[in-house]
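Below: the structure, in structure tokens.
Quick note: residue numbers are just sequence positions, from 1. Quick caveat: nothing in here was measured; it's all calculated off a predicted structure. Counting starts at 1 for both ligands and their atoms, in listed order.
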Amino acid sequence: MEFHVITLFPELFAAANWPGMVGRALKAGLIKIEAHALREHGLGNYRQVDDTPYGGGSGMLLRPEPLFAAIEGVLGAHPGLWRVLLTPQGEPLEQSMVRELSARRPGLLLVAGRYEGVDERVRTQADQEISIGDYVLSGGELPAMMLIEAVARLVPGVLGNPQSLSEESFADGLLEYPHYTRPEEFRGMRVPEVLLSGDHQKIHAWRKAEALKRTARRRPDLLKRRRP
Ligand code: 4FM
């Protein structure tokens with residue numbers, strides 16, 4: 001699967017910088033990440049990409065011409081990419097969308113803006129607008145990286161053990177149950193006896209009950225939206 005990113009900071013997406021399983025997937029050729037410099041499509045001798053807003057107001061906006069040219073350039077060389085604009089105004093990202101995005105082939109074209117926003121006409125070039133959360137960042141690069149990491153780990157072969165995918169948080173719409181590793185007692189805190197019992201039926205029931213309890217306390221919204 002391919003991830004293309006249009007950005008003013010292509011060096012952020014260098015393969016050598018990716019840790020963990022995305023880094024291994026890159027080296028194994030399971031995924032490809034290609035950054036495309038928006039600056040190359042800037043206007044005039046100064047390669048200008050931004051301008052002041054019509055109607056006044058503070059801050060600068062990304063002009064449409066460089067963004068259109070960059071998107072057309074990438075799609076010309078890589079047809080069929082699903083075009084995603086990262087913006088606080090997009091659909092809130094959730095695991096069900098991540099699963100759908102991981103099935104998009106040949107891959108994704110992520111547009112990471114900067115400044116105070118993009119010219120409204122750029123939205124016509126996106127298949128989907130996605131927000132990674134209700135807070136404001138200075139650009140779309142970190143959101144694009146988060147999306148890449150979330151999607152890449154669902155690409156077949158990327159995750160070491162596919163069983164852990166179905167077992168993980170959100171797979172069944174619940175938060176994870178509490179996890180423990182050695183030692184059995186640490187600073188007076190003991191591992192729950194049931195986990196040492198070897199009784200796998202009991203362990204399974206305990207984990208399910210703990211996951212439900214934790215979800216009810218912390219994220220009641222998840223329980224309401226859960227499929228039966
Ligand atoms: C995005 C700044 C586009 C400028 C941003 C432009 C964000 C979020 C975010 C900042 N993106 N979820 N939250 N982007 O804050 O996705 Cl042009």
Side-chain angles (χ1 to χ4, degrees), residues 1-14 17-19 22 31 33-44 46-75 81-104 107-155 169-170 219 221-222 225:
M1 177 165 195
E2 298 179 11
F3 299 91
H4 295 264
V5 188
I6 292 172
T7 170
L8 282 167
F9 301 100
E11 63 281 2
L12 286 176
F13 293 86
N17 289 336
W18 287 90
V22 172
I31 60 169
I33 301 173
E34 221 174 288
H36 305 271
L38 181 60
R39 188 67 64 185
E40 286 183 13
H41 301 277
L43 304 170
Y46 297 99
R47 302 262 146 140
Q48 188 192 350
V49 295
D50 60 330
D51 216 326
T52 53
Y54 279 119
S58 63
M60 301 292 272
L61 299 174
L62 284 173
R63 288 176 62 122
E65 305 97 314
L67 280 164
F68 272 65
I71 292 168
E72 283 159 10
V74 176
L75 286 176
L81 297 171
W82 183 254
R83 302 163 302 174
V84 175
L85 177 65
L86 282 314
T87 163
Q89 286 112 57
E91 299 171 64
L93 182 64
E94 51 175 87
Q95 193 63 20
S96 61
M97 291 162 64
V98 173
R99 271 192 292 274
E100 287 169 7
L101 291 167
S102 75
R104 296 274 179 201
L108 308 179
L109 170 52
L110 308 173
V111 179
R114 278 272 149 180
Y115 307 107
E116 274 56 66
V118 298
D119 182 282
E120 186 67 17
R121 291 163 288 195
V122 172
R123 295 187 193 283
T124 64
Q125 300 307 296
D127 296 303
Q128 191 174 17
E129 294 182 36
I130 294 178
S131 164
I132 55 138
D134 289 339
Y135 36 82
V136 181
L137 304 170
S138 299
E141 285 80 12
L142 290 171
M145 286 186 195
M146 289 174 61
L147 191 57
I148 290 171
E149 178 138 324
V151 171
R153 56 195 296 286
L154 301 189
V155 171
S169 187
F170 295 115
R219 295 293 305 276
D221 58 305
L222 291 180
R225 297 191 310 157

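Enclosure of atom CG in Asp221 by more than 12 non-hydrogen atoms of other residues, nucleotides or ligands within 6.0 angstrom is indicated. With a 6.0 Å radius and a threshold of 12 heavy atoms from other residues, nucleotides or ligands, Tyr135 has its OH atom above the threshold.
Side-chain contact between Leu108 and Met1 is present, with heavy atoms from C-beta onward closer than 4.5 Å. Looking at Val22 and Arg153, their side chains never come closer than 4.5 Å, going by heavy atoms from C-beta outward. Taking the side chain as every heavy atom from C-beta outward, Asp119 and Leu67 never approach each other to under 4.5 Å.
The shortest N/O to N/O separation between Pro143 and ligand 1 does not fall below 3.5 Å. Not one N or O of Glu116 is nearer than 3.5 Å to an N or O of ligand 1, by distance alone. Checking only distances, Leu62 never comes within under 3.5 Å of ligand 1, N or O to N or O.
The distance from ligand 1 to the heavy atoms of Tyr115 drops below 4.0 Å at these ligand atoms: 2 (C), 4 (C). Taking every non-hydrogen atom of Ile130 and a distance limit under 4.0 Å, the qualifying atoms of ligand 1 come out as 16 (O). Per-residue contacts place Tyr135 under 4.0 angstrom from the following atoms of ligand 1 (heavy atoms of the residue considered): 13 (N), 15 (O). Atom numbering of ligand 1 starts at 1 in the shown order; those under 4.0 Å from a heavy atom of Val118 are 17 (Cl). Shown in contact with Arg114 at under 4.0 Å from a heavy atom are these atoms of ligand 1, numbered in order with element: 4 (C), 6 (C), 17 (Cl). Of all atoms in ligand 1, numbered sequentially from 1 with element shown, those under 4.0 Å from a heavy atom of Gly133 are 13 (N). Interface atoms of ligand 1 facing Val136, defined by a heavy-atom separation under 4.0 Å, are 15 (O).
In terms of protein heavy-atom proximity, atom 1 (C) of ligand 1 is closest to Leu86 O, 3.8 Å. For atom 15 (O) of ligand 1, the nearest protein heavy atom (residue, atom name, distance) is Leu137 N, 2.9 Å. Looking only at protein heavy atoms, the nearest one to atom 16 (O) of ligand 1 is Thr87 N, 3.4 Å.
Taking 4.0 Å as the cut-off, Asp134 does not count as a neighbour of ligand 1 on heavy-atom distance.
The minimum heavy-atom distance linking Pro53 with Leu61 is given by the pair CB-CD1, 3.8 Å.
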### Message
The test is side-chain hydrogen bond (donor to acceptor under 3.5 Å, both in side chains); show your working for Glu141 and Thr7 and say whether it passes.
### Response
CA-CA 7 Å; Glu141 285 80 12; Thr7 170; 2.8 Å; yes

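By the criterion of a heavy-atom distance under 4.0 Å, both the backbone and the side chain of Ile132 are placed next to ligand 1.
Judged by distance alone, with hydrogens and angles left aside, the side-chain atoms of Glu116 form a donor-acceptor pair with the main-chain N or O of Met60 at under 3.5 Å.
The aromatic rings of His36 and His4 lie parallel to each other, their planes meeting at an angle below 30°, with 60° marking the opposite boundary.
Checked by atom type, the side-chain pair Glu129/Gln89 shows no donor-acceptor distance below 3.5 Å.
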